[in-house]
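The structure appears below as structure tokens.
Being a predicted model, the structure only gives us computed values, none of them experimental. Every heavy atom of this structure was used, including side-chain atoms; hydrogens, water molecules and symmetry mates were not.
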Amino acid sequence: MLNKPARILTFKCKSCGKSVQVFLQKVSACAHISPYQGICTCGTVMKHATGNKEAVASYLSSDAVTWSHHH
């Protein structure tokens, strides 16, 4: 049985220090990456991802709205 990634993670905002919840995104249908995104109350977009190093780097440096993982 595969471990499913958490649906919600909490981080501190780098801009204001408040807690920000990031939600698991549906952009990836494979096990290579689990991308997360959320928006702080101060307006800062927070992104996080776990998985394949190259896929994570691609996601974190992208415009997450149009990003998708390709094989």
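For the pair Cys13 and Met46, the tightest heavy-atom approach, listed with the atom from each and the gap, is CA-SD, 4.1 Å. In terms of heavy-atom proximity, Ala55 sits nearest to Trp67 at O-CZ2, 3.8 Å. A pairwise comparison of heavy atoms in Val56 and Thr50 identifies CG2-C, 3.7 Å as the closest pair. Closest approach of Phe23 and Gln21 over heavy atoms only: CE1-O, 3.7 Å. Contact detail for Tyr36 and Ala49: the closest heavy-atom pair is CD1-CA, 4.4 Å.
You'll find the side chain of Val22 reaches within 4.5 Å of the side chain of Leu9, heavy atoms only.
Judged purely by atom type and a 3.5 angstrom limit, Thr44 has no side-chain atom pairing as donor or acceptor with the backbone of Cys40.
Both tests pass for Lys47 against the ring of Tyr59: distance under 6.0 Å to the centre and angle within 45° of the axis.
Rounded to the nearest 0.5 Å, atoms NZ (Lys18) and OG1 (Thr41) are 3.5 Å apart.
There is a path of hydrophobic side-chain contacts, each under 4.5 Å, that joins Leu24 to Val20.
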